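See structure below.
Within every chain, numbering begins at 1; the chains are lettered A, B, ... in the order of the sequence lines, protein sequences first and strands thereafter. Computed from a predicted model, the values in this text were never measured in an experiment.
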2 protein chains.
Amino acid sequence: MATHGARGRSGGRPTLEEVAARAGVGRGTVSRVINGSPRVSDATRAAVEAAVAELGYVPNTAARALAANRTDAIALVVPEPETRFFAEPYFSDMLKGVGAALSDTEMQLLLIFAGSDRERARLAQYLAAHRVDGVLLVSVHADDPLPDLLAQLEIPAVISGPRSAAETLPSVDSDNYGGARQAVEHLLSRGRSRVAHITGRLDVYGAQRRVDGYRDAMSDAGLGVDEGLIEAGDFTEEGGHRAMTVLLERHPDIDAVFAASDVTAAGARRALRDAGRRIPEDVALVGYDDSAIARHMEPPLTSVRQPIEEMGRRMTDLLLTEVADRRPLASRGLERRQMVLATELVSRSSS
Amino acid sequence: MATHGARGRSGGRPTLEEVAARAGVGRGTVSRVINGSPRVSDATRAAVEAAVAELGYVPNTAARALAANRTDAIALVVPEPETRFFAEPYFSDMLKGVGAALSDTEMQLLLIFAGSDRERARLAQYLAAHRVDGVLLVSVHADDPLPDLLAQLEIPAVISGPRSAAETLPSVDSDNYGGARQAVEHLLSRGRSRVAHITGRLDVYGAQRRVDGYRDAMSDAGLGVDEGLIEAGDFTEEGGHRAMTVLLERHPDIDAVFAASDVTAAGARRALRDAGRRIPEDVALVGYDDSAIARHMEPPLTSVRQPIEEMGRRMTDLLLTEVADRRPLASRGLERRQMVLATELVSRSSS
DNA sequence: ATCACTGGTGGGAGCGCTCCCACAGTACCT
DNA sequence: AGGTACTGTGGGAGCGCTCCCACCAGTGAT
C-alpha cells in the first residue's frame, strides 16, 4: 500500500482510513466521530476514539479544507504598518479578546498587516484564494476598498468601528457618542463651562460621533455650541498641539479641553504648558482611550476607556456566527449585527 | 458539469482544468506554468497566462497543499504571552525582518503565541497537523520541549538565540559575547575601572555569553575578575533594582555598571538614584538592546544594539532554505547553519 | 404479517491540485 | 536507415478528507 512515487511522506501520518480499519468501522463513521456528529452510537464512538488515540491520528487540514470547502481560519486584518500596530495598546488588547473568543474553537487566527500597497496587493491575492473563512477588520477608513472586495468575494467580515451611519457590514463599536458626553458632562460637573474640543480625523466615523456627543452635551447643559471652541485634530500629538494653540489664541478663557485621543491630549498639554496654563488649575483636560500615555502623563490624564478586549471578543463571536451560517452577510437583514459597547470615564488628576 | 450535491460553491471560482480547456492545453501544462517550470515553450506559456488572466484564476491552496504535501506557510512562534510580545520592540523589529524576507515569496506567515499551557497544547496540536512547513522560534528557554517536538515531527525550524553551546538547531544570534565586551571596553576606555555587571536570566544562553564577555574584557584589561562585582538579575526592572542595591552595599566604590538589558539598567538607575549616586558623574551605566527605554531614560542610556531586524531576515532565509530542500535539519551537518551577527554600541550620555 | 419510519452505518464519488509515466516530435549521432 | 537523447506535452492516479445516498436493523403502528 505504498504511496505512489517518492513523495516526501516521512514515515506515515495515520489517515482516517487507517483509523477506520483499526476501529473496524467505515470511513464515514470515523469522520462523524471526529466532527462530533450526534448520529453515532456510544460504543462505536468509543471504539473510534480509542483507535484515534492509539494511532495518534490528527486530521489532515488540507484534505478537510479541500473536501469541505472551508479553511478553519480567520484573519485579523490591520490596515496599518507593523509599527503602529505595536505602538498602540489598542491592538494588543483587541488581539487578547479575539484570542479569548477563539480559544475553545478549532479556528486558527491569522494576523495580516496591510499597511503598504505591496502588502495590500498580497492581501487581495490571499483573500481571492479564499484562504480564510472570515475576516476581522479593524480601524478601516471611510474610503477603504477592502470591505467591498470582501463583499464581492463573499467572505464574511466584521468591522470594528462602522465607516458611517450607513455601514452595511456587521460591526462592533464602542459608544463614541456616549463616551464624549461622559467626558464633557464630567468637565461641566467640575464647574467648567468654557469647554473646548479637539477632534480626531473627521473621516473616521467614530471621531464624528465624538463631536456629536460634545455638541449635544454642551447644548443640553444650556451652554449652546460655540463652533469656535471646536478645532480639528488628527489623533496625533502634533495635531493636538497645533489645535490647542489655535484654540488658545481664539479663546484665551478656555477652562477645559476634551481631546479625541490621549495622544492628542498629550499634544494639547504641551501647548497649554507653553502658554503657561496649569493643569488642572487653569484648564482641565480629558482624553480618550485610557492608554498607557494617560496613566503616565504629568499630571495623570482623565480619559474615556473603551472596552477593547471585549470588543475583540464580540467581533469574533459575531464573525464565527456569520461563518457558521455561511451566507454572505449583506444579503441578510442587519438585525442586531451591529453592536455598541459602553465606555467608562476614568477620572484622574488632570480634571 | 454541475458540482455534486449542493456544496456551497458560490458561483464558481475557475479551476486549473478550466484554464487548461480555455488555453487548449492539458492540466499538466497549466500546472507547470503556474509553478514556473522552465519546461514549457514560450508560446504555450503565453497562452496559459492569457487564460489565467481572462478567467481570474487563483490556485486553490487546499488542493495544492493536499497534493504536494506542503502548506506554503511558516509560523513565528512566540513562547510568551501577547502582552510581553507587544511590550518589547524586539518582536516588532523581528517581525519586520521576517516580513521583509518573505515579501517576495508565496510563503504566508503565521504568528502564534504560546504563552499559556493552553496555548502550548493548541500549538502542539497545530504542529502535529503539519499546518506549517517550518517554524521560527524566538526567545526559547533552555528547557523548552518545543524544539524536540519539532524535531520529532520533522518540521524544519530555526531558532534565534541557541539554547546552549551545543545547540543542534540552525540558529541566528547576535554576538552577545562581543557585545558585552564592547560595553565593558567602552566603560574602561572612559577611565572607569570598578565595573560591575548585572546579569540576565542565566538559564538563557545569551545572558551567559554576556557574562563571559564581561569577564574576558575585565581580565584582558588586567583588572582581574572580582566575582563580587557580578550580581544576577533576571532581565526585569525589579531584578535590576535589587541587584544594584546588593552591589552598592558590597562595593560602594563601584564607578560603572554594565546591565544585561535596558530594562535591568532602568532598575539599576533607580537604585543608584536612591543611593544618591549621579549618572554618569559618579557611576556610568550601560544597557543592552538599545530599546525605546534607552532613548527615553534620564539621562539617555548608552546601550548595545542588536541587529534584530536583520536577524529576522536571516532566520527566515535560513528557514526557507531548509524548507526548500526539505530534509530534516538534524540529519545534516550543521555546517554554517548557525550564524552570529555583530552588535553595535550606541553611546549616549549615561556613560 | 406488512408497512412505515427511525437511528446507525458503509462506501462511492468527488474536491482541485501535483506528480510522474508515456509518448510525440525534433535533432544529432552512428 | 536505425539508434539515442533530448524537449515539450497530455492525462491517469492519487493526496485524505467530506458529503450523501443506499442500506440494514430495530421499533411501533396498522
Side-chain angles (χ1 to χ4, degrees), chain A residues 1-10 12-21 23-48 52 55 57-72 106 128-131 326, chain B residues 1-10 12-21 23-48 52 55 57-72 106 128-131 326:
Chain A
M1 208 102 329
T3 53
H4 68 118
R7 297 276 200 84
R9 290 279 309 276
S10 48
R13 290 215 279 145
T15 68
L16 180 144
E17 184 111 37
E18 288 165 35
V19 173
V25 302
R27 270 184 2 263
T29 301
V30 177
S31 179
R32 259 163 247 140
V33 170
I34 63 177
N35 288 295
S37 159
R39 330 197 120 276
V40 181
S41 72
D42 289 349
T44 309
R45 162 168 291 115
V48 171
V52 165
L55 262 30
Y57 170 73
V58 178
N60 180 315
T61 335
R64 174 177 283 178
L66 179 59
N69 195 31
R70 61 192 161 82
T71 66
D72 291 323
E106 292 287 79
H130 282 260
R131 293 185 66 171
R326 259 238 206 302
Chain B
M1 206 104 324
T3 53
H4 68 119
R7 298 277 200 83
R9 290 282 306 279
S10 47
R13 289 215 279 146
T15 69
L16 180 143
E17 185 111 36
E18 289 164 33
V19 174
V25 301
R27 265 183 8 260
T29 301
V30 177
S31 179
R32 260 163 245 140
V33 170
I34 62 176
N35 288 295
S37 158
R39 332 195 118 279
V40 180
S41 72
D42 290 348
T44 308
R45 162 168 292 113
V48 171
V52 165
L55 261 30
Y57 171 73
V58 178
N60 180 316
T61 336
R64 174 177 282 178
L66 179 59
N69 196 30
R70 61 191 161 80
T71 65
D72 292 322
E106 293 286 77
H130 282 259
R131 293 185 66 169
R326 258 240 206 299

Which value, rounded to the nearest 0.5 Å, describes the distance between Glu106(A) atom CD and Arg70(A) atom CZ? 9.0 Å
Atom CZ of Arg32(B) and atom CZ of Arg27(B): how far apart are they, to the nearest 0.5 Å?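 One finds 10.5 Å between CZ of Arg32(B) and CZ of Arg27(B).
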Any donor-acceptor pair under 3.5 Å between the side chain of Arg32(A) and the base of dG10(C)? yes
Nearest-Å distance for atom pair [atom1]/[atom2], residues [X] and [N]:
X: His130(B); N: dG16(D); atom1: NE2; atom2: C1'; result: 14 Å
X: Glu17(B); N: dG12(D); atom1: CD; atom2: P; result: 10 Å
X: Asp72(A); N: dG16(D); atom1: CG; atom2: P; result: 18 Å
X: Leu16(B); N: dC17(C); atom1: CG; atom2: P; result: 5 Å
X: Arg131(A); N: dG16(C); atom1: CZ; atom2: P; result: 17 Å
X: Leu66(B); N: dC15(D); atom1: CG; atom2: P; result: 9 Å
X: Arg70(B); N: dC17(C); atom1: CZ; atom2: C1'; result: 10 Å
X: Asp42(B); N: dG8(D); atom1: CG; atom2: P; result: 8 Å

Is any side-chain nitrogen or oxygen of Asn69(A) closer than 4.0 Å to OP1 or OP2 of dT18(D)? no
Does dG8(D) have its OP1 or OP2 closer than 4.0 Å to a side-chain nitrogen or oxygen of Ser41(B)?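 For dG8(D), OP1/OP2 do not have a side-chain N/O of Ser41(B) under 4.0 Å.
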Could you walk me through whether Asp72(A) and Arg64(A) pass side chain to side chain contact (heavy atoms under 4.5 Å, CB included), step by step? CA-CA 9 Å; Asp72(A) 291 323; Arg64(A) 174 177 283 178; 3.9 Å; yes
Any N/O pairs under 3.5 Å between the protein and nucleotides 5-7 of chain D? List them or say none.
from, atom 1, to, atom 2, distance (Å)
dT7(D), OP2, Arg39(B), NH2, 3.2

Looking at every strand, decide which applies to Thr61(B) at a 4.0 Å heavy-atom threshold: base, sugar-phosphate, or nothing. nothing
Hey, does Arg27(A) reach any base, or is it just sugar-phosphate, or nothing, if we go heavy atoms under 4.0 Å? base
What's the closest nucleotide to the side chain of [X] if the choices are [options]?
X: Tyr57(B); options: dG8(C), dC17(C), dC15(C); result: dC17(C)
X: Ala68(B); options: dC19(C), dG10(C), dC17(D); result: dC19(C)
X: Ala67(B); options: dG14(D), dT18(D), dT9(C); result: dG14(D)

Quick check: do Asn60(B) and Leu66(A) have side-chain heavy atoms less than 4.5 Å from each other?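 Asn60(B) vs Leu66(A): side chains touch.
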Hey, which of these two, Thr29(B) or Ala63(B), hits DNA chain D nearer its 5' end, going by closest nucleotide? Thr29(B)
Donor-acceptor pairs under 3.5 angstrom involving side-chain atoms of residues 39-47 of chain B: please list them, not counting sequence neighbours.
from, atom 1, to, atom 2, distance (Å)
Ser41(B), OG, Thr44(B), N, 3.3
Ser41(B), OG, Thr44(B), OG1, 2.7
Arg45(B), NH2, Ser37(B), O, 2.7

What verdict does the side chain to side chain contact (heavy atoms under 4.5 Å, CB included) test give for Leu16(B) and Ile34(B), after you've listed the backbone C-alpha separation in whole Å, the side-chain angles of each residue and the deciding distance to 0.1 Å? CA-CA 10 Å; Leu16(B) 180 143; Ile34(B) 62 176; 4.0 Å; yes
Do you know the tightest heavy-atom contact between Ala129(A) and Pro59(B)?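 Closest heavy-atom pair between Ala129(A) and Pro59(B): CB-O, 4.2 Å.
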Using the closest heavy atom to pick a nucleotide of DNA chain C for each, name whichever of Ile34(B) or Gly24(A) lands nearer the 5' end. Gly24(A)
For Ala23(B), what residues pass the side chain to side chain contact (heavy atoms under 4.5 Å, CB included) criterion, not counting sequence neighbours?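 Counting only residues at least two positions away or on another chain, Ala23(B) forms a side chain to side chain contact (heavy atoms under 4.5 Å, CB included) with Val25(B), Val48(B), Ala51(B).
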